[in-house]
Amino acid sequence: MFTGIITGVGRIAAIHDLGPSSSYGKRLGISVPGGYLDDVGLGDSIALNGACMTVTTLDPAQQQFTIDISAESLDKTAGLTEPGARINLEKALRASDRLGGHIVSGHVDGIGTVSHFAPVGESWELRVVAPPALARFLAYKGSITINGVSLTVNSVADSAEGSEISINLIPHTVENTSLGSLQAGSRVNLEIDTVARYVERMLQAGVLAPTSMASMASMASMPSTYSKDTAE
């Protein structure tokens with residue numbers, strides 16, 4: 001379990017094939033900032049660009065760790081096969097940690113494509129086209145995870161190609177995550193909000209009656225009990 005608040009930016013230092021064909025996965029060597037591995041142990045979970053992975057080896061002296069990623073996971077994620085690429089890191093949530101973003105599972109639901117990324121005033125506007133299958137989970141002021149970062153949707157525009165969502169990134173987020181290196185055409189990992197996932201399932205099963213939906217809409221319009229910046 002994660003929150004979408006990035007705790008460090010690493011780099012893919014090495015990529016090794018785990019077998020002779022594309023049906024095999026890969027072993028990734030990840031370099032990290034100094035001291036990042038001080039509280040990490042073998043078998044711990046760390047999200048790489050939003051994808052939950054298991055630490056298989058540790059080398060704190062060299063500030064590196066490795067993970068093994070299956071062919072299936074490689075097929076369903078983006079940005080994890082580029083040597084030298086900067087990647088967002090988040091350690092698994094502890095029971096005593098603050099939930100600064102939103103509940104994130106580290107399971108990528110789809111791959112989006114950046115359609116626009118440019119400065120607007122002191123901030124940056126990021127627009128991403130999500131696959132059509134994810135459209136029903138995206139809503140104005142709802143949460144979305146992009147490359148592991150918890151973000152708030154500012155607008156949604158549906159089309160036959162998918163849903164284009166617009167997000168505002170504050171300078172802190174651009175400077176302290178790998179999102180600052182995105183450009184039009186970049187592929188990004190997307191994870192929908194867990195709450196939206198369950199609401200969709202209940203609607204399909206006919207569990208939510210119209211009166212329940214009205215009540216939920218009323219609750220959604222109430223002020224939140226905590227403040228989350230649109231870029232966190």
Short question: side chain of Glu125, backbone of Phe117 - any donor-acceptor pair under 3.5 Å?
no
Going through the distances and angles, do Ser178 and Ser181 end up as a side chain to side chain donor-acceptor pair (under 3.5 Å)?
CA-CA 6 Å; Ser178 66; Ser181 60; 5.2 Å; no
When you measure from the side chain of Glu164 to the backbone N and O of Ala157, does any donor-acceptor pair fall under 3.5 Å?
no
For Ser159 and Glu161, test the side chains for any donor-to-acceptor distance below 3.5 angstrom and give the result as yes or no.
yes
Test salt bridge (Lys or Arg N to Asp or Glu O under 4.0 Å) on Lys91 and Asp39; report intermediate values, then the result.
CA-CA 10 Å; Lys91 299 171 186 176; Asp39 61 348; 2.6 Å; yes
Going from OG1 on Thr177 to NE2 on His172, what distance comes out if it is rounded to the nearest 0.5 angstrom?
8.5 Å
Basic-acidic side-chain contact under 4.0 Å: Asp109, Arg197:
yes
I need the Leu138 CG to Leu190 CG distance, nearest 0.5 Å.
8.0 Å
Looking at Asn189 and Ala78, would you say the former's side chain and the latter's main chain have a donor-acceptor pair under 3.5 Å?
yes
Between Ser150 and Thr145, is any side-chain donor less than 3.5 angstrom from a side-chain acceptor?
no
Please check: side-chain N/O of Asp158 versus main-chain N/O of Ser163, any donor-acceptor pairing under 3.5 Å?
no
Could you tell me whether a side-chain N or O of Ser123 sits under 3.5 Å from a main-chain N or O of Val120, the two making a donor and an acceptor?
no
Reported NE2-to-CZ distance for the pair His107 and Phe2, which is rounded to 0.5 angstrom
8.0 Å
Please determine, by modelled atom types, if Tyr36 and Thr7 share a side-chain donor-acceptor pair under 3.5 angstrom.
yes
Within 6.0 angstrom of Glu200 CD, more than 12 heavy atoms from elsewhere:
yes
